[in-house]
Protein chains: 2
Amino acid sequence: MTKKWTPASAADGVEQVLKILEGKWKLVILFHLFGGQVKRFSELEKAIPAITQKMLIQQLRQLEADGIVTRTIYHQVPPKVEYSLTDWGQELCPALDALLKWAENKK
Amino acid sequence: MTKKWTPASAADGVEQVLKILEGKWKLVILFHLFGGQVKRFSELEKAIPAITQKMLIQQLRQLEADGIVTRTIYHQVPPKVEYSLTDWGQELCPALDALLKWAENKK
DNA sequence: TAGGGTACTTACTCTGAAGTAAGTTTTTGA
DNA sequence: TCAAAAACTTACTTCAGAGTAAGTACCCTA
């Protein structure tokens, strides 16, 4: 059963979601991890050349705090840290697809 | 047929959509107009008490420019301006629903 | 002719997200 | 013992988006 939404509460709910996605680089990061891909910090750096280390970490940390990405540390030298999506994070994919399809459908 | 997306192009596509939705007040406005509702400027003002006239207009103009809301002017005294969603704007509703459902599904 | 209601504009300030650039930690191997 | 690679951290600056507050155009009615 779906909740009863008021305009205000529905807008609020969507805004919570947008807040998660809103960072300048989060979507690029997400799309690099969709489909069960696992990437190291340095791989993401290479895949997104324009991003700075600071921003990459900041965005990853926020995504992690929001429960969308998982961080796995390997205690090696040199260190290795892998990032992947949580189950919940993967489920975001179809929802974003819906937005893309909507955008394509502009008359 | 669906386009072939790279991480970068997909992220870009979603970002275009987010840009449309991103204003501080756009979602509230949208949810007040979903379902074919038609509202006057002053009705929206009342429905969203915290918004200032400047922001209301600004957001409405941007939504209009993006092809999501329609503006109908009645040349009366006092003036009357009605806002409603375009067909494309209405179609946004299910896509936002998908996001809401995703958010509810957080483990 | 003065006031009132509706739909805007304009000028200013403020704040937080993003950018830049440099420094830090850890341990191995030459 | 010192450089090198990976994954961060820190300090500073910049700028666009949002807020505040006031003003404007229109024209009817009293």
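The figures here come from the full heavy-atom set of this structure, side chains too, leaving out hydrogens, waters and symmetry mates. Here the structure is a predicted model, which is why all the values come from computation and not from measurement. Order of the sequence lines sets the chain letters (A, B, ...), proteins ahead of strands, with each chain counted from 1.
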Is [Y] close to [X] at the side-chain level, that is, under 4.5 Å between some pair of heavy atoms?
X         : Y        : value
Leu92(A)  : Ile20(A) : no
Phe41(A)  : Ile57(A) : yes
Gln90(B)  : Leu85(B) : yes
Leu100(A) : Trp5(B)  : yes

Below 4.0 Å: OP1/OP2 of [N] and any side-chain N or O of [X]:
X        : N       : result
Arg61(B) : dT9(C)  : yes
Ser42(A) : dA7(D)  : yes
Trp25(A) : dG19(C) : yes
Arg40(A) : dA7(D)  : yes

Over how many whole Å does the gap from [X] atom [atom1] to [N] atom [atom2] extend?
X        : N       : atom1 : atom2 : answer
Glu22(B) : dA16(D) : CD    : C1'   : 12 Å
Gln76(A) : dT25(C) : CD    : C1'   : 16 Å
Glu43(A) : dA5(D)  : CD    : P     : 17 Å

Just compare [options] and give me whichever is closest to any side-chain atom of [X].
X        : options                  : value
Ile57(B) : dT9(C), dT6(C), dG19(C)  : dT9(C)
Gln58(B) : dG19(C), dA18(D), dA7(D) : dA18(D)
Lys24(B) : dG5(C), dA18(D), dA7(C)  : dA18(D)
Gln59(A) : dA7(C), dA18(C), dG19(D) : dA18(C)

### Message
Over all strands shown, is Tyr83(B) touching base, sugar-phosphate only, or nothing at heavy-atom distances under 4.0 angstrom?
### Response
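Counting heavy atoms under 4.0 Å across all strands, the contact made by Tyr83(B) is with sugar-phosphate only.
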### Task
Name the residue closer to the 5' end of DNA chain C, choosing between Pro78(A) and Thr52(A) according to the nucleotide with the nearest heavy atom.
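The residue mapped nearer the 5' terminus is Thr52(A).
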### Task
Kindly determine whether Leu56(B) and Glu45(B) satisfy side chain to side chain contact (heavy atoms under 4.5 Å, CB included), including the steps that lead there.
CA-CA 7 Å; Leu56(B) 181 52; Glu45(B) 257 190 292; 3.7 Å; yes
### Of Pro79(A) and Lys54(A), the one whose closest DNA chain D nucleotide lies more 5'
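Of the two residues, Pro79(A) wins.
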